[in-house]
Amino acid sequence: MYDAIVVGTGAGGGTAMKILCEAGLKVCAINSGPRTDPENDYRNHRQVYDLKYRGYGDPLRLKGKAHQEPYSVEESEYSEGRDLFEHDIAYSNAPGTDWYWKRCKATGGKANFWGRSSARFGDIDFKAADLDGVGENWPVDYAEISPWFSKAERYMGVASTIQNRPSNPDGEYLPPMAFRCIDYIIQKGAEKIGVPYLPDRCAQLTTDHNHHPACHYCGNCSRGCDVGSFFSPTWFTIPEAEATKNLTLLTNSLVRSVLVDESGTAKGVAYVDRATRKEVEVYAKVVVLAASCVETAHIMLNSKSHHWPTGIANSSGQLGRNLCEHLYGSPGYGYLPRLLGQPATPDNIADSTVAWMPRWQNLKNPREEKFVRGYSVYMGGGCGEFPGYYGQIEGFGPGFKRDLKRYYATTIGALIQAPTLPSPTNYVDIDPEKKDTFGIPQLRFHFQWGPNELLMWEHSKQVMIDLFKAMGGELWGVDDQPNRPGTSLHETGVCRFGNDSKTSVTNKWAQTHDVPNLYICDASIFPNCTDKTTTMPIVAFTMRTCDHMLNNFKKGVHKRA
Ligand SMILES: Cc1cc2nc3c(=O)[nH]c(=O)nc-3n(C[C@H](O)[C@H](O)[C@H](O)COP(=O)(O)OP(=O)(O)OC[C@H]3O[C@@H](n4cnc5c(N)ncnc54)[C@H](O)[C@@H]3O)c2cc1C
Ligand code: SF4
């Protein structure tokens, strides 16, 4: 019997267990995969030719696995290690859905490899429904959450500048990363067409911070950092929780459901020990689910009892609903002829989010464009270790190699980040027929892009035509279609929070309306996507939720074990 169980040790779960342990609670954290061990699991600072499969990994490594699709950049030969990614647990796609569910099952979760873009949400996001009449407002406003964003930024270490943008409230920042050569050129071009191009808010340490060393700009972030110079639970929250001696961390333990007592209150969880395949029960006064958005809904939908016949805390019927995602894809890529023949510079410094185009649409008038809300764009390019533009150049053999070298350091590409709106047809449920290898009913996705985000996609293609012209670039092409849903890893919804228990799963503190000792600490509570990424907000909202929970312990709402 523990004071609290925390399911998942990622950005949300790791933060929750650190705060609860530091407050003196006895916490049992349960994680579905093995413990991440950077020294042995990460192979960064090696060249691809030092690796047996040139960085791509053993092509047979997924043979016999339930989910055989390899994941992108973050799952490569550099982090293949000890089975850090989830391929054993299958999931289903309803007809017409093509969701790509990438899961890191190791401790620390996806934030071991994340892109670190960390903008604040603002009232333009929280009160978007008031502005454009679509969907619902969030149950919090900026004034309420802003101190928690500050707390999260101060803890994580986020580099940026003060920008005074209406779509992007400013925060508390470390010094920004220096612009690359391409950033100055893009910024000039963007200025000409009235588009902002500014330092991103990036959770990468430009100075020593909270006992973590400043980044040495090796550009390996998506393969895991070997020194902890960006926020990840592996380097930040997990060791801090362990230092309190209040933590019991169970690994390779896959939570199946939340257990309830005779009154329908949470009393613990049931998990499968992957090594023995046995089911084990563990008990606590409070249960925190932080298994990452859709997996949290999966666990809840599988937690059926006579109290909760459609899944725990689902009296609203909203559990699994309102699945949102960022539409990703390249609306334009090409090169800058003026850089041909220039020497390469070591500017592969962040491996993604040095600068971006924060939302600039629908700011003065929420209905200025054909779509509502807005999107942001990241620009990549420069002197990466690997010529990622190889697929954009035709040919083979010596001619191909010559062209690759000719364009090195000149190429740039855009990535759109366009939020979807909640739709009644986008949701997750339990597949009535399929079970995973441990006999757990599988999660099933129902998801299609909607007209609003597809209008943003079209809009961004025209912006890229204008931008390339304005900066004297040559556009090579554009993605035929957006990336598959799920690619962005910024899914939200499925356990949305709100003030009305009839239309939301949790209250504004992420405490389920129906089961007061069941809390949620991931992006599943966010009612919709914004044009910003989710991880810093997950940390901030988790800090606030834990503060509320600890007050409830103090007030006697929750009893200690
Ligand atoms: C390459 C890449 C780039 C990204 N770029 C950005 C970015 O720039 N900005 C940004 O904000 N976000 C970015 N993200 C997304 C970001 O990593 C996630 O938003 C964030 O890590 C989610 O944290 P989480 O704790 O909710 O989930 P996760 O990190 O997925 O952690 C969930 C944890 O729960 C455990 N778990 C899952 N199911 C169970 C179960 N049934 N039982 C027990 N344990 C379970 C898992 O093992 C895992 O440890 C990126 C991600 C990747 C991989
Ligand atoms: S660039 Fe910095 S943060 Fe990224 S892996 Fe290298 S040292 Fe770590």
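As the structure is a computational prediction, the values presented were derived from the model and not from experiment. Start at 1 and go down the list; that is how both ligands and their atoms are numbered.
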Show me which atoms of ligand 1 lie under 4.0 Å from any heavy atom of Thr9.
33 (C), 49 (O)
Ligand 1 atoms in contact with Asn31 (distance to a heavy atom under 4.0 Å)
35 (C), 43 (C), 44 (N), 46 (C), 47 (O), 48 (C), 49 (O)
Between Tyr328 and Gln417, does any side-chain donor sit less than 3.5 Å from a side-chain acceptor?
yes
Does Asp183 reach the main-chain N or O of Arg180 with its side chain, forming a donor-acceptor pair under 3.5 Å?
yes
Would you mind finding which of Ser117, Ala291, Ala29 brings a heavy atom closest to atom 32 (C) of ligand 1?
Ala291
Under 4.0 Å, counting heavy atoms only: does Cys104 come that close to any atom of ligand 1?
yes
If you look at every heavy atom in Cys104 and Phe113, which pair is closest and at what distance?
SG-CE1, 4.0 Å
Where ligand 1 meets Asp522 - atom numbers and elements under 4.0 angstrom, heavy-atom basis:
26 (O)
Ligand 1 and Trp114, any nitrogen or oxygen pair closer than 3.5 angstrom?
no
For Ser330 and Asp479, test the side chains for any donor-to-acceptor distance below 3.5 angstrom and give the result as yes or no.
no
Per-atom contacts, ligand 1 versus Leu489 - under 4.0 Å to a heavy atom
15 (C), 19 (O), 51 (C), 52 (C), 53 (C)
For His87 and His67, take the angle between the two ring planes, folded into 0 to 90°, and tell me which bin it lands in: parallel under 30, tilted 30 to 60, perpendicular over 60.
parallel
If I take every N, O or S atom of Cys215, is at least one of them less than 2.8 Å from atom 4 (Fe) of ligand 2?
no
For residues Arg201 and Tyr173, report the shortest heavy-atom separation together with the two atoms involved.
CG-OH, 3.2 Å
Relative to ligand 1, is Ile299 under 4.0 angstrom through side chain, backbone, both or neither, heavy atoms considered?
side chain
Please examine the side chains of Ile5 and Ile30, heavy atoms only from C-beta on, and report whether any two atoms are closer than 4.5 Å.
yes
Is the shortest N/O to N/O distance between Gly12 and ligand 1 below 3.5 Å?
yes
Hey, which atoms in ligand 2 end up nearer than 4.0 Å to a heavy atom of His216?
2 (Fe), 7 (S)
Below 4.0 angstrom from a heavy atom of Leu254, which ligand 1 atoms are there? Numbered from 1 as shown, please.
40 (C), 41 (N), 42 (N)
For ligand 1, which atoms, with element, lie under 4.0 Å from some heavy atom of Ile30?
43 (C), 44 (N)
Ligand 1 and Lys110, any nitrogen or oxygen pair closer than 3.5 angstrom?
yes
Under 4.0 Å, heavy-atom basis, I'd like to know which part of Arg103 is in contact with ligand 1: side chain, backbone, both or neither.
neither
His490 heavy atom under 4.0 Å from ligand 1:
yes
Which atoms of ligand 2 have any heavy atom of Gly219 under 4.0 Å away?
1 (S), 6 (Fe)
Any nitrogen or oxygen of Ile538, side chain or backbone, less than 3.5 Å from one on ligand 1?
no
For Thr353 and ligand 1, does the shortest N/O to N/O distance drop below 3.5 Å?
no
Using a 4.0 Å heavy-atom cut-off, say whether Gln204 meets ligand 2 through its side chain, its backbone, both or neither.
side chain
Please could you name the atoms of ligand 1 that Lys105 approaches to less than 4.0 Å, counting only its heavy atoms?
47 (O)
Ligand 1 atoms in contact with Gly8 (distance to a heavy atom under 4.0 Å)
33 (C), 34 (O), 35 (C)
For ligand 1, which is the ligand I care about here, please tell me if Ser488 has any N or O atom under 3.5 Å from one of the ligand's N or O atoms.
no
Please confirm whether Ala523 approaches ligand 1 to less than 4.0 Å, judged on its heavy atoms.
no
Answer yes or no: does an N/O atom from Ala11 fall short of 3.5 Å to an N/O atom of ligand 1?
yes
Can you confirm whether the side chains of Asp200 and Ser117 place a donor and an acceptor under 3.5 Å from each other?
yes
Any N/O/S atom from Cys225 (main chain or side chain) under 2.8 Å of atom 8 (Fe) of ligand 2?
yes
Tell me yes or no: between the side chains of Tyr155 and Asn210, is some donor less than 3.5 Å from an acceptor?
no
Under 4.0 Å, heavy atoms only, figure out whether ligand 1 is touched by the backbone of Ala106, its side chain, both or neither.
backbone
With a distance cut-off below 6.0 Å to the six-membered ring centre and an angular limit of 45° from the axis, does Arg321 pair with Tyr427 as a cation-pi contact?
yes
Can a donor-acceptor pair be found between the side chains of Thr310 and Lys304 at a distance below 3.5 Å?
no
Any Ser253 heavy atom less than 4.0 Å from ligand 1:
yes
Evaluate the ring planes of Trp99 and Phe447, with Trp represented by its six-membered ring, and classify them as parallel (under 30°), tilted (30 to 60°) or perpendicular (over 60°).
perpendicular
Hydrogens and angles aside, do Glu325 and Ser488 bring a side-chain donor and acceptor to less than 3.5 Å of each other?
yes
With heavy-atom distances below 4.5 Å as the criterion, would you say the side chains of Asp226 and Pro38 are in contact?
no
In terms of side-chain heavy atoms, does Asp522 have a donor or acceptor partner in Thr296 at a distance below 3.5 Å?
yes
May I ask you to decide if Gln318's main-chain N or O and Asn314's side chain share a donor-acceptor pair within less than 3.5 Å?
yes
